[in-house]
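Take a look at the structure set out below.
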Amino acid sequence: MKLNVVEILKHLPKTNCKECGEATCMAFAAKLAKKEVELKACPPMFTGEYAAKREILQNMLMGKAA
């Protein structure tokens, strides 16, 4: 199953905080889609605010239906 960058981006914080090492959340989403980085590289995703979106993304990245 090929991951869709736009679908991944929908669930990311979209703050472009650069905490993951990428310039934008879109760049991070592209690397996630190619499995070049792991979701844990995005610290904001592991705050309570993004718990639901984190679960959806983790399922997407593991190939499970959302």
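One is the number of the first residue; the rest follow in order along the sequence. Computed over heavy atoms, backbone and side chain alike; hydrogens, waters and symmetry mates excluded.
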Quick check: do Asn4 and Met60 have side-chain heavy atoms less than 4.5 Å from each other? no

Assess whether atom CD of Glu7 is packed by more than 12 heavy atoms of other residues, nucleotides or ligands within 6.0 Å. yes

Separation between CG (Asn59) and NE2 (His11), nearest 0.5 Å, reads 10.5 Å

Would you check, one step at a time, whether the test side chain to side chain contact (heavy atoms under 4.5 Å, CB included) holds for Leu3 with Lys35? CA-CA 9 Å; Leu3 294 169; Lys35 300 186 187 282; 4.2 Å; yes

Those residues that, when tested against Lys34, pass side chain to side chain contact (heavy atoms under 4.5 Å, CB included) (two or more places apart): Glu36

Please list every donor-acceptor pair under 3.5 Å in which a side-chain atom of residues 48-58 meets a protein atom from a residue at least two apart or in another chain.
unit_1 : atom_1 : unit_2 : atom_2 : d
Arg54  : NH1    : Met45  : O      : 2.7

Please output the side-chain donor-acceptor pairs of residues 13-32 that fall under 3.5 Å, not counting sequence neighbours, one pair per line with the distance.
unit_1 : atom_1 : unit_2 : atom_2 : d
Lys14  : NZ     : Lys10  : O      : 3.0
Lys14  : NZ     : Leu12  : O      : 3.4
Asn16  : OD1    : Cys25  : N      : 2.7
Glu22  : OE2    : Lys31  : NZ     : 3.2
Thr24  : OG1    : Met26  : N      : 3.4
Thr24  : OG1    : Ala27  : N      : 3.0

